[in-house]
Structures are given as C-alpha cells and as structure tokens.
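This structure is a prediction, so every number in the text was calculated from the model and none was measured. Note on naming: letters A, B, ... go to the chains in the order of the sequence lines (proteins, then strands), and numbering restarts at 1 for each one.
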There are 2 protein chains.
Amino acid sequence: MVKVHKCIVGDESACSKAGLAIRDTLDVVGGKWKLVLISMLRDGKMRFRELSRQAEISPRILSKELQEMEMNGLVTRTVCNTKPVTVEYALTPYSETLSEVIIAMHKWGVQHRKRIIERV
Amino acid sequence: MVKVHKCIVGDESACSKAGLAIRDTLDVVGGKWKLVLISMLRDGKMRFRELSRQAEISPRILSKELQEMEMNGLVTRTVCNTKPVTVEYALTPYSETLSEVIIAMHKWGVQHRKRIIERV
DNA sequence: AATACCGGTTACAAAAAGGATACTATATGG
DNA sequence: CCATATAGTATCCTTTTTGTAACCGGTATT
C-alpha cells in the first residue's frame, strides 16, 4: 500500500515543478477527513463512537479512514477489555511529523474565517 | 461563494474538536490540485497551457480550479496582448498566507518519500 | 487553403468519495 | 424480554470529482 508518485530519474525539475512532494502528502493525508481526525486525536485518544459523533462522520467512512491511517502508520487501534468492548484510537509518534502541517492549516483556517467574516 | 462552516455560538469546544478550522482550510484549498498549482506558481507566473502540461492536468479541470482559486483571491488572471492571446496566472499577496501550509506539506512529502523508499 | 498554437468550453463518461439505513454480535441494566 | 450501548459491516444510493474527446474563435505560419 505504498504510495509515492513516479519520478523519472534526472527529471528533478519537472517533478518538483509539478508539486510531486505535495502530491505525495495528499496521497496519504488528503481527502475530507484524515487531517480533521488527526487534529482531533491530538487532544488525546478517542473511541470509535466518540470520533463518529464529534466529527459527524458516518461509521462506514470513519472505519475506512481509520484503517487507511493505520496502514500508513499514523494511528493505532487498541481493543479494550471493557464491559461492552471499546476500541481506542490514538496517534502514533510518526503522526507527529505531521504537526507542522496540521498547525499551519489550523492557523490558516482561523485567519481565513476571520477575513471572511470581517468583511460581511 | 464564501465558505465557512457553521459554528454554534458558545459551542467553541465542539467546533474546535471537530477540526472546524482545518475543514475551513480544506474547503478553500482541498482537493487534488489547488495546493499543487499554488506550489507551482510560487516559482513565478505561468500561462494556461504551461500549467496544463507541467501538472498533467486537463484543460477542463485546470480551468475550473483556476476559477475557484481566483474567486477565493488566491490567483490573478491576466490577458496579454500577444500574437496568439496568452493568459498569465499569478499568485496574489493573499496566497502567501498559505506559504506555511505549502512549505510544511512539501517538507512532509519529501521526508515521507524518503521513509518509504529507504525501507524497501 | 491547411496547419498549428493559444485559451478555453461543451458534452459525455467513469470513478471516487460520501452518506443513509439497517444489521451483526456482545453485554449490561431494568 | 426489551432497551441500550459498544464497534463495526453490508447494502444501496447520491453526490462530487476527475477525466476524455471534440470543438470554437482567434491569430499566425506555411
């Protein structure tokens, strides 16, 4: 399940110009939910239902997203021996390499919202 | 065409937990192409065909993406009085507020690719 | 006239993403 | 026995996104 874009050797310029690195990142963390979920999990581990409710994401999609993120080494899935079985999702250390991205996007979202609202 | 997510007043916690700011950012700059195009335009203005060829993006999609980015104040479109009419697309000053995001994603893409390749 | 380049648009098709609903199975409390 | 809660899965369907191919109007070259 390794995803990296083809890059012709010696064609560095074209590759970098076409935003190869950006596309690699988007392959792992693109889409509507992954960055949002990671952002939420930064406050601490959460259970499936909890994530589903707070993000308002359907179980089907949530399940799929979490599996993909697990495969990419971004989250761990832990089954707990509780009365009704619960499952905890938590970020891995590797996911912390994404913090710059998350923080930058969070900051931008906040300032952009201000910009939009202030000029009503 | 203003896009910001609803946020119930006084419900700050739930909103921030659900990654509201991240979603706002993704609304403007999410999808397969916008960040790639901005990243390319950071090296200087480009014409329509140039962008289309280098990014390997079809004219239809490119046109749509550029229009959306123009509406969001991220790029400018300038028609030039040349032999066959050419059109230049360039980043706006506002788009520079995205540079942290772009740089972070670029860096992550590069390091992630390394990580993937080194453990073949 | 024929060709080719520019910046697109139109019509159509395919694929990916997302969502609604119901349902599995286990277990607790009433 | 019934309701509720847990974590999902299965099925079906709609929406969004992306792509392909052809084409237009204009200009320049051959």
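When each of A:Thr82 and A:Ser58 is assigned the nucleotide of DNA chain C bearing its nearest heavy atom, the one mapping closer to the 5' terminus is A:Ser58. A residue-by-residue look at A:Pro59 and A:Pro84 shows that A:Pro84 has its nearest nucleotide of DNA chain D further toward the 5' end.
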| message | As a quick check of understanding, evaluate side chain to side chain contact (heavy atoms under 4.5 Å, CB included) for B:His112 and A:Thr25, giving each step before the final call. | response | CA-CA 8 Å; B:His112 181 69; A:Thr25 301; over 6 Å; no
**OP:** Check the pair A:Ile38, A:Val29 against side chain to side chain contact (heavy atoms under 4.5 Å, CB included), reporting the backbone distance first and the verdict last.
**Re:** CA-CA 9 Å; A:Ile38 294 178; A:Val29 106; 4.1 Å; yes
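A:Leu26 has its CG atom 15 Å from the C1' atom of C:dA17, to the nearest Å. Atom pair A:Glu56:CD and C:dG19:P shows a separation of 10 Å (rounding to whole Å applied). Atom C1' of nucleotide C:dG7 and atom CG of B:Asn81 are separated by 14 Å, given to the nearest angstrom. The separation between A:Glu68 atom CD and C:dA17 atom C1' is 10 Å, rounded to whole Å. Going from atom CD1 of B:Ile57 over to atom C1' of C:dG7 covers 14 Å, rounded to whole Å. Atom C1' of nucleotide C:dA16 and atom CH2 of B:Trp33 are separated by 15 Å, given to the nearest angstrom. Spacing between atom CG of A:Asp27 and atom P of C:dA16 amounts to 13 Å, rounded to whole angstrom units. Rounded to whole Å, the distance from NZ on A:Lys64 to P on D:dA10 is 15 Å.
Both A:Trp33 and A:Val87 are members of a single hydrophobic cluster when ILVMFWY side chains are connected at heavy-atom separations under 4.5 Å.
To the nearest 0.5 Å, the span separating CD on A:Glu96 from CG on A:Leu91 amounts to 7.5 Å.
In terms of phosphate contacts, A:Gln67 brings no side-chain nitrogen or oxygen within less than 4.0 Å of OP1 or OP2 of D:dA7. Between A:Lys32 and D:dT17 there is no side-chain N or O to OP1 or OP2 distance below 4.0 Å. Distances shown here put every side-chain N or O of A:Arg60 at or beyond 4.0 Å from the OP1 or OP2 atom of C:dC23. At C:dG7, none of the side-chain N or O atoms of B:Ser63 fall inside 4.0 Å of OP1 or OP2 (strictly under the cut-off). When the side-chain nitrogen and oxygen atoms of B:Arg53 are compared with OP1 and OP2 of C:dC6, one or more of them lie within a distance under 4.0 Å.
For B:Arg49, taking side-chain heavy atoms from C-beta onward, the closest of the listed nucleotides D:dA7, C:dG8, C:dG7 is C:dG7.
Using a 4.0 Å heavy-atom distance criterion, A:Glu65 is classed as a sugar-phosphate-only contact.
Note on B:Lys45 versus B:Glu88: salt bridge recorded, some NZ/NE/NH1/NH2 to OD/OE distance being below 4.0 Å.
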